[in-house]
Peer 1: 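Next up is a structure, given as structure tokens.
Because only heavy atoms are used, hydrogens play no part in the values below, and waters and symmetry mates are left out as well, while side chains stay in. This structure is a prediction, so every number in the text was calculated from the model and none was measured.
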Amino acid sequence: MEAGRFSIVVGDITQSDAEAIVNAANTTLLGGSGVDGAIHAAAGPGLLEECRTLGGCETGHAKLTGGYRLPSRYVLHTPGPIWRGGGHGEAALLASCYRSCLTLAAEHGIQTVDFPSISTGVYGYPMAQAAPVALRTILDFLSDHELPRQVRLVCRREETAAVYRQAWNLWYAES
Ligand code: AR6
């Protein structure tokens, strides 16, 4: 993979200038709290109207909508797994969220994608365990695909970014 295609940043994903941002949604796709609430608030009512037509989304899958009043042109909605101790396929489902979003982005010719830290808020996935799954899945995808050209992990808090950076350093040390 070309250096510079992936980065970890601290910020508010609703302000992102990426072509697509990812929403850590729930299976109804009808909004909620956390980053989901922030994205719907910033996008305005048009987003919810479009989401109502989608018939929900399974955990680990993804659906694409417009970005409405967001700076981003698209939103990729993906419901992450709820943490139930780790023995219920959570890691595979979390990896599937990242892969599904990246696959959908590539299919639509999307050049730049920003992800939040899926499942690590309301859904309770421990950060230290989510970070290596997220990292490995994104970096594996980028090494096999030309699109998206650039992917960022946008963390609301510096502590979250630090956990992802540590996982990234470990990934480099191992590969
Ligand atoms: N920009 C970037 N990251 C953010 C922002 C933001 N504006 N706001 C929060 N985060 P969560 P989940 C971070 O709870 O665990 C909703 O109700 C936050 O600090 O938003 O996948 C949905 O409808 C955390 O690190 O998503 C579902 O029901 C990360 O985003 C449920 O929550 C994810 O936290 C999904 O839970």
Side-chain angles (χ1 to χ4, degrees), residues 8-85 88-127 130-131 133-134 137-138 141-142 145 147-157 160 164:
I8 296 161
V9 299
V10 177
D12 177 358
I13 205 165
T14 66
Q15 311 278 309
S16 160
D17 61 0
E19 196 176 352
I21 61 169
V22 172
N23 181 15
N26 58 59
T27 55
T28 69
L29 297 186
L30 298 179
S33 59
V35 73
D36 193 4
I39 288 173
H40 274 275
L47 180 60
L48 184 58
E49 252 173 65
E50 184 175 356
C51 284
R52 282 192 208 288
T53 68
L54 299 178
C57 182
E58 283 176 51
T59 301
H61 293 226
K63 290 193 178 175
L64 182 82
T65 67
Y68 298 87
R69 293 179 192 156
L70 291 165
S72 298
R73 183 168 174 199
Y74 300 108
V75 180
L76 291 152
H77 304 262
T78 186
I82 298 170
W83 180 257
R84 292 196 288 146
H88 296 82
E90 291 95 329
L93 287 167
L94 186 63
S96 174
C97 288
Y98 285 93
R99 211 178 302 110
S100 301
C101 289
L102 292 167
T103 302
L104 203 50
E107 282 169 4
H108 284 80
I110 293 171
Q111 304 277 325
T112 55
V113 176
D114 278 1
F115 280 94
S117 174
I118 298 167
S119 281
T120 62
V122 173
Y123 280 178
Y125 206 122
M127 270 303 312
V133 173
T137 309
I138 293 169
F141 190 95
L142 292 181
H145 298 81
L147 284 178
R149 202 167 35 76
Q150 198 157 48
V151 173
R152 287 185 299 208
L153 204 52
V154 179
C155 301
R156 193 76 193 98
R157 295 166 35 196
T160 311
Y164 279 103

Peer 1: Would you please name every residue forming a side-chain contact (heavy atoms from CB on, under 4.5 Å) with A42, sequence neighbours left out?
Peer 2: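 Applying side-chain contact (heavy atoms from CB on, under 4.5 Å) to A42 gives T14, L70.
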Peer 1: Side chain to side chain contact (heavy atoms under 4.5 Å, CB included) for R156 and D12? Distances and angles first, verdict last.
Peer 2: CA-CA 6 Å; R156 193 76 193 98; D12 177 358; 3.8 Å; yes
Peer 1: Looking at CG of L76 and SG of C97, how far apart are the two atoms once the value is rounded to the nearest 0.5 Å?
Peer 2: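 Spacing of CG (L76) from SG (C97) equals 11.5 Å.
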Peer 1: Just to verify, what does P126 make a side-chain contact (heavy atoms from CB on, under 4.5 Å) with, not counting sequence neighbours?
Peer 2: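 Listed in chain order: W83, Q129.
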Peer 1: Looking only at non-hydrogen atoms, find the nearest pair between Y125 and A91 and report the distance.
Peer 2: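 Shortest heavy-atom separation between Y125 and A91 comes out as OH-CA, 3.2 Å.
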Peer 1: Are any side-chain N or O atoms of T137 and backbone N or O atoms of V133, one a donor and one an acceptor, separated by less than 3.5 Å?
Peer 2: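 Yes, the answer is positive, given that a donor and an acceptor are paired below the 3.5 Å cut-off.
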Peer 1: Does anything in residues 72-82 pair up under side chain to side chain donor-acceptor pair (under 3.5 Å), and if so which pairs, sequence neighbours excluded?
Peer 2: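 Found N23-H77, T65-H77.
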Peer 1: Looking at every heavy atom in both R84 and E90, which two are closest together, and how far apart are they?
Peer 2: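 For R84 and E90, the tightest heavy-atom pair comes out as N-OE2, 2.7 Å.
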Peer 1: List, one per line, each side-chain donor-acceptor pair under 3.5 Å for residues 43-53, sequence neighbours excluded.
Peer 2:
unit_1 : atom_1 : unit_2 : atom_2 : d
E50    : OE1    : G66    : N      : 3.1
E50    : OE1    : Y68    : OH     : 2.6
T53    : OG1    : E50    : O      : 2.5

Peer 1: Measure the CZ-NE2 distance between R99 and H61 for me, rounded to the nearest 0.5 Å.
Peer 2: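 Reported value, rounded in 0.5 Å steps: 11.0 Å.
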Peer 1: Can you tell me how far the CD1 atom of I8 sits from the OG1 atom of T160, to the nearest 0.5 Å?
Peer 2: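 Going from the CD1 atom of I8 to the OG1 atom of T160 covers 11.0 Å.
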Peer 1: Look up atom SG in C155 and atom CE in M127, then write down how far apart they are to the nearest 0.5 Å.
Peer 2: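 Between atom SG of C155 and atom CE of M127 there are 6.5 Å.
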Peer 1: Look at the side chain of K63 and the backbone N and O of C57, then say whether any donor-acceptor pair between them is shorter than 3.5 Å.
Peer 2: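 Not a single qualifying donor-acceptor pair exists.
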Peer 1: For residues 108-119, tabulate all N or O donor-acceptor pairs below 3.5 Å that involve a side-chain atom, not counting sequence neighbours.
Peer 2:
unit_1 : atom_1 : unit_2 : atom_2 : d
H108   : ND1    : L104   : O      : 3.0
Q111   : OE1    : R149   : NE     : 2.9
T112   : OG1    : E19    : N      : 2.8
D114   : OD1    : R152   : NE     : 2.9
D114   : OD2    : S16    : OG     : 2.7
D114   : OD2    : R152   : NE     : 3.3
D114   : OD2    : R152   : NH2    : 2.9
S117   : OG     : T120   : OG1    : 2.6
S117   : OG     : Y164   : OH     : 2.7
S119   : OG     : P81    : O      : 2.8

Peer 1: For H145, enumerate each residue passing the side-chain contact (heavy atoms from CB on, under 4.5 Å) test, keeping only those at least two apart in sequence or located in another chain.
Peer 2: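 Checked H145 against side-chain contact (heavy atoms from CB on, under 4.5 Å); matches are F141.
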Peer 1: For the residue pair V122 and S33, what are the closest heavy atoms and their distance?
Peer 2: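 Nearest heavy atoms, V122 then S33: CG2-OG, 3.6 Å.
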Peer 1: If you look at every heavy atom in G31 and N26, which pair is closest and at what distance?
Peer 2: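 Looking at all heavy atoms of both residues, the closest pair is O-ND2, 3.1 Å.
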